[in-house]
Undergrad: 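Have a look at this one before I ask anything.
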2 protein chains.
Amino acid sequence: MPVTSDPGIALSALHDHLGYWMRLVSNAVSHGFARSIEGQGVTVAEWVLLRMLFDQESAAPSHLAKQMGMTKGAISKLSDRLLDKHLIARAADTADRRAHRLALTAAGRALVPKLAALADENDSRFFKALGPEDQVRLGNLLRAMAEAHGLRNTPLS
Amino acid sequence: MPVTSDPGIALSALHDHLGYWMRLVSNAVSHGFARSIEGQGVTVAEWVLLRMLFDQESAAPSHLAKQMGMTKGAISKLSDRLLDKHLIARAADTADRRAHRLALTAAGRALVPKLAALADENDSRFFKALGPEDQVRLGNLLRAMAEAHGLRNTPLS
DNA sequence: TCGATAAGGTTTCCTAGTCAACTAAAATCG
DNA sequence: CGATTTTAGTTGACTAGGAAACCTTATCGA
């Protein structure tokens, strides 16, 4: 009669880790957001890039790669997709002939506020389950974690 | 002189959303864990499947798909990889000729405690940045979120 | 100033998922 | 009982990202 485990060894369960709960909640929020913006024809990564360009007038792909915590290869493909959708434009850098500048098109600029509203809505839909004070506490705890570990890049995966 | 945005419109920033901080931290924890177990030759998804089998003696792929929140196609490929690594074994279900049973091999069973130790280590390495009380608070907030939204499946993506 | 090195981008190959089509077997129900 | 529907699992097409090889252009240093 095979045993499933040696009863003498107590093994931590998956849900014994805070990382488990972080991933569970984070995933639900992100997937919810992905669903809420797919009607606008964009993905979460695309939203992040568009939102960053909204503040920057124009940016080099390599700069976006650092900001977004993605490889330059990924940014290259991501911007290809956004070019196909006519949400951004690509121009040669006048000073550096290797470099490019990415900028929002009018359509891209018009889309960002809509997506931002959906982001707001998604966030409050999920986190209203906590009271307002607990939302603040959660934010403080997460920012403390980010601070302690020097987390800077916008995460996507 | 082009403007980057209409100053009359205040747009929420990426980091104004709790979802942003959740993803930032969750991602760092998960990637840290992925790195810490890659020396053992397994991925996070593989770890989760192995850990679940550790408690169950044997399980049907379809059952694991529900438990892990993945499609049956993904489980099919995931178990192929674990079979190749000789960490699990696949047997025909005696009662249902469509179904299979997956179970840990001796090697798989021996590996799980090592991975569990790495999971413990990774979790405490990250969350020790918070004090013990704050760790408890964070866990309570996350579980409250999971409860409120009926989140059940172990998330992976 | 010119040769080596670094930096910007693209492309190719690889991994790991989803979705949907497909096969086989079981379950349902008229 | 037999036809239909459901369920289990695999497979193939597709997506999105990482790693590394690869051009091109800048930069740096002897």
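Just so you know, these numbers come straight off a predicted model, no measurement behind them. Throughout, protein chains are lettered first and strands after them, A, B, ... in sequence-line order, and every chain is numbered starting at 1.
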Undergrad: Is the phosphate of C:dG8 approached by A:His63 (side-chain N or O, under 4.0 Å from OP1 or OP2)?
TA: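 Answer no for this pair, as no side-chain N or O of A:His63 is under 4.0 Å from OP1 or OP2.
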Undergrad: Is the closest basic N to carboxylate O distance between A:Arg90 and A:Asp80 below 4.0 Å?
TA: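 A salt bridge is present here (some side-chain N lies under 4.0 Å from a carboxylate O).
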Undergrad: Quickly work out the B:Gln67 CD to D:dA8 P distance and round it to whole Å.
TA: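 Distance check: B:Gln67 CD to D:dA8 P gives 14 Å.
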Undergrad: Using only atom types and a distance under 3.5 Å, with no angle test, would you say the side chain of B:Thr105 pairs donor to acceptor with the backbone of B:Leu87?
TA: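 It does hold such a pair.
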Undergrad: Rounding to a whole Å, what distance do you find between A:Ile75:CD1 and C:dG8:P?
TA: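 Whole-Å distance recorded here is 13 Å.
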Undergrad: For DNA chain D, whose closest nucleotide is more 5', that of B:Ala60 or that of A:Lys77?
TA: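 Whichever sits nearer the 5' end wins; that is B:Ala60.
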Undergrad: Calculate the interatomic distance between A:Asp84 atom CG and D:dA16 atom C1'; express it in whole Å.
TA: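 It is 15 Å, rounded to the nearest whole Å.
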Undergrad: For A:His100 and B:Arg81, find the nucleotide of DNA chain C closest to each by heavy atoms; which residue's nucleotide sits nearer the 5' end?
TA: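 By nearest-heavy-atom nucleotide position, the 5'-most residue is A:His100.
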Undergrad: Counting only side-chain N and O atoms of A:Thr71, is one of them less than 4.0 Å from OP1 or OP2 of D:dA19?
TA: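 Result: no.
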Undergrad: Just how far, in rounded Å, is P of C:dG17 from CG of B:Leu64?
TA: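 My rounded result for the distance is 13 Å.
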Undergrad: Roughly, in whole Å, what's the span from NZ in A:Lys72 to C1' in D:dG18?
TA: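 From A:Lys72 NZ to D:dG18 C1': 13 Å.
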Undergrad: What is the distance, rounded to the nearest whole Å, between atom CG of B:Asp96 and atom P of C:dA26?
TA: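 To the nearest whole Å, that distance equals 5 Å.
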Undergrad: Within the 4.5 Å heavy-atom criterion, are A:Arg51 and A:Leu115 side-chain neighbours or not?
TA: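 Of all side-chain heavy-atom pairs linking A:Leu115 with A:Arg51, none is under 4.5 Å.
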Undergrad: Report the nucleotide, chosen from C:dG8, D:dG17, C:dG17, that has the shortest atom-to-atom distance to any side-chain atom of A:Met70.
TA: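 Output: D:dG17.
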Undergrad: Can you work out whether A:Gly73 or A:Arg98 has the more 5'-proximal nearest nucleotide on DNA chain C?
TA: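 Here A:Arg98 is the residue nearer the 5' end.
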Undergrad: Heavy atoms only: give me the nearest A:Leu82-A:Leu49 pair and the separation to one decimal.
TA: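 Taking every non-hydrogen atom into account, CD1-CD2, 3.8 Å.
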Undergrad: Check whether any side-chain N or O of A:Arg90 sits under 4.0 Å from OP1 or OP2 of C:dT10, and answer yes or no.
TA: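 Yes, within the criterion.
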Undergrad: Where the side chain of A:Ala74 is defined as all heavy atoms beyond and including C-beta, which of C:dT11, D:dG17, C:dG8 is the nearest nucleotide?
TA: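 Closest nucleotide among those given: D:dG17.
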Undergrad: Take atom CZ of A:Arg97 and atom C1' of D:dC23, then tell me their distance rounded to the nearest Å.
TA: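 These atoms are roughly 14 Å apart.
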Undergrad: Starting at atom CG of B:Leu78, determine the distance to atom P of C:dT15, rounded to an integer number of angstrom.
TA: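 Rounded to the whole Å, the gap is 14 Å.
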Undergrad: Between B:Ser79 (side chain) and B:Ser76 (backbone), is there a donor-acceptor pair under 3.5 Å?
TA: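 Judged by distance alone, yes, a pair lies under 3.5 Å.
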